[in-house]
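Note on naming: letters A, B, ... go to the chains in the order of the sequence lines (proteins, then strands), and numbering restarts at 1 for each one.
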Amino acid sequence: MQGAIWHSQPLKGENPMSDPAAKSTLTHIQRLEAEAIHIMREVVAEAANPVMLYSVGKDSAVMLHLARKAFYPSPPPFPLLHVDTTWKFKAMYELRERMAKESGMELLVHQNPEAAERGINPFDHGPLHTDMWKTEGLKQALDKHGFDAAFGGARRDEEKSRAKERIFSFRTASHGWDPKNQRPELWNIYNARKSKGESIRVFPISNWTELDIWQYIRLNDVPIVPLYFAAVRPTFEWEGGLFMADDLPRLEKVLGYWPAITDRSIRFRTLGCFPLTGAVESTASTLNEVIQETLLTTTSERQGRVIDKDAGGAGMEVKKQQGYF
Amino acid sequence: MSGADVIYQTEALIAEDIEAYLDLHQHKSMLRFITCGSVDDGKSTLIGRLLYDSKMIFEDQLAALESDSRKVGTQGQEIDFALLVDGLAAEREQGITIDVAYRFFSTEKRKFIVADCPGHEQYTRNMVTGASTADLAVILIDARKGVLTQTRRHSYLCHLIGIRHIVLAVNKMDLIGYDQARYDAIVADYAAFATSIGIEAFTAMPISGFKGDNITAPSPNTPWYSGPTLMGHLEAVDVNTAADAAGDFRMPVQWVNRPNLDFRGFSGLVANGRVRPGDAVRVLPSGKTSKVTRIVTLDGDLEEAVAGQSVTLTLADEIDCSRGDVLAAADAPPQVADQFEASLVWMADEALVPGRAYWLKLASQTVSVTVSQPKCTINVNTMERLAAKTLELNAIGLAEITTDRAIVFEPYATSRALGGFILIDKISNATVAAGMLNFALRRAQNVHWQALDVTREAHARLKGQSPAVLWFTGLSGSGKSTIANMVEKRLHALGKHTFLLDGDNVRHGLNKDLGFTEADRIENIRRVGEVAKLMTDAGLIVLTAFISPFRAERDMVRALLPDGDFYEIFVDTPLEEAERRDVKGLYKKARSGQLKNFTGIDSPYEAPEKPEIRVDTLRETPEEAAERIVALITGEWMPVI
Ligand SMILES: Nc1nc2c(ncn2[C@@H]2O[C@H](COP(=O)(O)OP(=O)(O)O)[C@@H](O)[C@H]2O)c(=O)[nH]1
């Protein structure tokens, strides 16, 4: 055996805190934070007209907090854009207004007028709902304001096809995503140059996992929508899932009947449009309890969202090629 | 402790004392690594196994995995871990991995980010990409096959990118009956090769990704092996930031933070070393010094910032400092130079064009560069050096790089952050190469970058004008010289200091060694651009009248000058009209084949996309055009007619 060159480090007697790097240098959360801030500053320095897509979920909350850190004491030098489907929970609209005020950022809200006119809703229109409100709505909003770079809160660990997504993801003038035509990303050097009409989606929290997000929220007291915490709420069942009755008159209109309401202690693992996002029965009402439940839980995060299931395993990839975030 | 025990303990801790668990996890460090292996060496299986053993797989994913394993798996009824890490749909069908995918898992000690890269030679660029952020590389070998060409290629690339820790994972030990002699022979074989390319140390281990041997727990099947398990080793090695923190302080400035007149902060990611308020720092390339007064963050001022942190610094003095500058320890600043030897990995389908201008981005500096013809390329399979005229996709070579202005740098071996760069095509904007600066060439090292007393501004002030380059471009016979001459006369009459560069005064002297090939045309324009730049440094308004048919070369000149000083003036005369005028009879000669490479006939003209001024000679007389141009540059804008 090549003693001189081959070396091994016995593991005996190690305890979890004996990693010397953990003591003398940065923690994983500090490194992820520094990386996200670095990415945001690069975009602000190089893009002509950046915007932050803000969906009001926990990932958006963390991204917004990172932006505030990145540019402090200046407010983040770009607006927040909420591509609204009009089907968000009330609590989400409330937090949205509050965060815009606290951060000192301009809040832009876009609702696809065509979807509004046609009364597109998640009950009658299924995948078309996401397509019209979100996919089309996003394209409209970006075109209308001429944004050339948009921050998004997607993470690589969310879904298989996202594992290969770049941090800077290039879109053609028609917002298409061509998996073959993405740029290599070396070290932490990002090439933000683009031709007229092209735009970039930038994902500063690509390398975060769900647990990292929760840890960050806990360490920084990041405000999140109260629906992430369990409380007794009015619920109804629909097509085998459990949903919250947020706006009953409106629900009745689209369902065609007044659903049977039961009060249950529920919370949400992800927040989308209220009828598309299933609730889970839970009693986790504090942040620690929520994290505990998340860690012990046995279904993966996006399970609650209907969107990934429409097209088998490749659902998100197809969506992305069409321009969905 | 077996892998199963670790998981059980973790789960128990989460259930019993979530606070303690979270505190534990908050102090984890992060290790980024890359896995290298050829198709079927078991790379995907190994990564799937690591995810599985660290409990990163949820029950619904596991159920899907079991059903997929039966449908498309390669392991009969057993779980095929490789299916966990397959990515894009197209690849799934082809059964190979074609891009870099990033996976995440964590243990109680560390969070891990794995770059999963394909191993074929045609994916060299993907591997280099994955390696660029890695602290460690796992080189996978199929124990039945031993050290192969691809093993050597992967090791060479990892070494080239400067990965500090190399793990030789001899996989599929189950298929050779855990034979120690065979394992020892493979390790000896690899050691000989590793030494020959300069790898100083590596850690070898016998594993089976499929059966789980030596992954999280020492395997009873290899009692003769007393080294670490793979997971144990990944948890124990140093990460790059630890090494970076040991160097001299360097922070490339990304953004100047200026919320109001009372605050001016410099934002960036600390690349090396550490910094505290009171430290003396030097701004490069200007060389001016100051002291750090505060390290500002949203959570309050810091007493110290170390490599890997994104911060905002304030300085004691009002000195010039902007994006692209580097703040460094005052007594140990990095070098400043404009000519280098660099290693390049070519990443684009279109090959390198020596002499053409590309953008180079290094940290937050973006400059225009030209790349010489490569000194050699390296055959990544045999490590042989070969002569080459260019670099094709996936080629690795050595070349000289000349930047249009001096940049702050360090050799890549000293600092990834100040030595690693990318090259960007000026027209497609694609990232065409990754590069590593090896050293500055002598010529540039001798340049002393001191703040000159008589500055560009001082020259200009004395002349009472702002320097500019009026760059006339257009076909032969379009009217460039005519209009440029008129503009110069008018400016002169207004008391402006000008100079006109055209074919007559440049081709006969400075550029008399150049012909009309594409390479010579590029060099011609480059020299004219440099001369124009020097003249603007002297405070002059420079007019140039050259066909300058290529967009990349005009953009190169634009990049030489401060923003706003370059006016691209497109003298737009259609080919038919220029040919009809044919003042010098050149079109006739070109048509009859007496003149080769004539722009518009058998050589392309790339019209400007966004010229500052466009002159439509069919609608505007030369006098009118000259009037308009003078008005524009003296500040009285006149709308286009
Ligand atoms: N017996 C055995 N088979 C393995 C091992 N690792 C991988 N394989 C099998 O080798 C084949 C290729 O593995 P895969 O992980 O897809 O290779 P990749 O192309 O390097 O990602 C599959 O049939 C695996 O099940 C191992 O350690 N032992």
Return the option, out of [options], with the maximum number of heavy-atom pairs under 4.5 Å with chain A.
| options | value |
| --- | --- |
| B/Thr129, B/Thr133, B/Ile161 | B/Thr129 |
| B/Met347, B/Lys361, B/Arg32 | B/Lys361 |
| B/Ser267, B/Gly268, B/Ser364, B/Ala245 | B/Ser267 |
| B/Ser132, B/Ala131, B/Gly420, B/Ser428 | B/Ser132 |
| B/Leu168, B/Val296, B/Val311 | B/Val311 |

Looking at every non-hydrogen atom in both residues, tell me the closest pair between [X] and [Y] and how far apart they are.
| X | Y | result |
| --- | --- | --- |
| A/Lys194 | B/Asn429 | C-ND2, 3.1 Å |
| A/Ala34 | B/Gly308 | CB-O, 2.9 Å |
| A/Asn191 | B/Ala430 | ND2-C, 3.8 Å |

Do [X] and [Y] come within less than 4.5 Å of each other through their side chains, counting heavy atoms only?
| X | Y | value |
| --- | --- | --- |
| A/Glu289 | B/Ile18 | no |
| A/Ser74 | B/Arg258 | no |
| A/Tyr72 | B/Thr297 | no |
| B/Gln254 | A/His38 | yes |
| A/Asn188 | B/Leu269 | yes |
| B/Asn126 | A/Pro184 | no |
| A/Glu46 | B/Arg323 | yes |
| B/Lys111 | A/Leu32 | yes |

Contacting moiety of [X], where chain A heavy atoms sit under 4.5 Å:
| X | value |
| --- | --- |
| B/Leu22 | both |
| B/Phe263 | side chain |
| B/Thr107 | neither |

So for [X], is it side chain, backbone, both, or neither that comes closer than 4.5 Å to the heavy atoms of chain B?
| X | value |
| --- | --- |
| A/Pro77 | side chain |
| A/Gln215 | side chain |
| A/Trp214 | neither |
| A/Glu33 | neither |

Next on the checklist: A/Gln292 vs B/Glu19, test: side chain to side chain contact (heavy atoms under 4.5 Å, CB included). Steps then yes/no.
Outcome noted: CA-CA 9 Å; A/Gln292 185 175 37; B/Glu19 192 80 36; over 6 Å; no

Checklist entry - Mind checking what makes side chain to side chain contact (heavy atoms under 4.5 Å, CB included) contact with B/Ala417, not counting sequence neighbours? => result B/Ala271, B/Ser415

With distance as the sole test, does [X] use its side chain to make a donor-acceptor pair with the main-chain N or O of [Y] at under 3.5 Å?
| X | Y | answer |
| --- | --- | --- |
| A/His28 | B/Lys28 | yes |
| A/Thr27 | B/His27 | no |
| B/Asn257 | A/Phe71 | yes |
| A/Arg31 | B/Met30 | yes |

Next on the checklist: Can you tell me which residue among A/Thr209, A/Asp212, A/Leu211 is in a side chain to side chain contact (heavy atoms under 4.5 Å, CB included) with B/Phe104?
Outcome noted: A/Thr209

Lys/Arg N to Asp/Glu carboxylate O, [X] vs [Y], below 4.0 Å:
| X | Y | result |
| --- | --- | --- |
| B/Arg125 | A/Glu185 | no |
| A/Arg193 | B/Asp425 | no |
| A/Lys69 | B/Asp299 | yes |

To the nearest 0.5 angstrom, please state how far the [atom1] atom of [X] sits from the [atom2] atom of [Y].
| X | Y | atom1 | atom2 | result |
| --- | --- | --- | --- | --- |
| A/Arg156 | B/Tyr102 | CZ | OH | 5.5 Å |
| B/Thr431 | A/Ile189 | OG1 | CD1 | 9.5 Å |
| B/Gln309 | A/Leu26 | CD | CG | 5.0 Å |

Checklist entry - Residues two or more places apart in sequence or in another chain: which of them pass ring pair (Phe, Tyr, Trp, His ring centres under 6.0 Å) with B/Tyr412? => result A/Trp187

Checklist entry - Under a 4.5 Å heavy-atom cutoff, which of A/Lys196, A/Arg218, A/Gln30, A/Arg68 has the most pairs with chain B? => result A/Arg218

Checklist entry - When only pairs under 4.5 Å are counted, which of A/Asn288, A/Asn220, A/Ile29 shares the most heavy-atom pairs with chain B? => result A/Asn288

